[in-house]
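Scroll down for the structure; my scribbles are underneath it.
The structure displayed is predicted, hence computed values, not measured ones.
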Amino acid sequence: MTLSLNIGELFNDSSSHALVDELRKRTSVDEILEFEEKFNSKNEKNLHTYICRFLKNRSISRGLASKWLLTIIKNKESKIDALLKENN
């Protein structure tokens, strides 16, 4: 992977384009979630924050953003449901 996952506070045009390119490469749910996990472990802000910023700035399509965000949200919800079932 050519993109340094540690974006930090320096989020310029080239790094945002590189991040969008990396996300576009991921087409399956597993690939998206794997990338999210790696990204979140190496950056101060979570991936969903950047996706929302891209959406706000109209850097990506609504369809693409919704695919990524729904994948991330469904994964979080399933983890919460599993924890709730485990504790009951």
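For the atom pair CD1 (Ile60) and SG (Cys52), the distance works out to 8.5 Å, reported to the nearest 0.5 Å. Ser59 contributes atom OG, which lies 7.0 Å from atom NE2 of His17 (distance to the nearest 0.5 angstrom). Taking OH of Tyr50 as the reference point, atom OG of Ser15 lies at 8.0 Å (rounded to 0.5 Å).
Linking Ile, Leu, Val, Met, Phe, Trp and Tyr residues whenever their side-chain heavy atoms come within less than 4.5 Å leaves Leu69 and Leu33 in two separate clusters. When the side chains of ILVMFWY residues are joined at heavy-atom separations under 4.5 Å, either directly or via intervening members, Leu55 and Ile72 end up in two distinct hydrophobic clusters. Residues Leu64 and Ile51 share a single hydrophobic cluster, defined by chaining ILVMFWY side chains whose heavy atoms lie under 4.5 Å apart.
You'll find the side chain of Leu47 stays beyond 4.5 Å of the side chain of Trp68, heavy atoms only. Within the 4.5 Å cutoff, no side-chain heavy atoms of His48 are placed close to those of Asn40.
Note on residues 79-88: no pairs pass salt bridge (charged side-chain N to carboxylate O under 4.0 Å, His left out), not counting sequence neighbours. Among residues at least two apart or in separate chains, salt bridge (charged side-chain N to carboxylate O under 4.0 Å, His left out) pairs with a member in residues 64-76 are Glu36-Lys76.
Within the 3.5 Å criterion, the main-chain N or O of Thr71 finds no donor-acceptor partner in the side chain of Asn75. Not one N or O on the side chain of Thr49 forms a donor-acceptor pair closer than 3.5 Å with the backbone of Lys45.
Here the closest non-hydrogen pair linking Val20 and Phe54 is CG2-CE1, 3.6 Å.
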Asn46/Phe39 under side-chain contact (heavy atoms from CB on, under 4.5 Å): CA gap, chis, key distance, verdict
CA-CA 7 Å; Asn46 289 335; Phe39 185 90; over 6 Å; no

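For Glu31, the CD atom is densely surrounded, since the number of other residues' heavy atoms within 6.0 Å is greater than 12.
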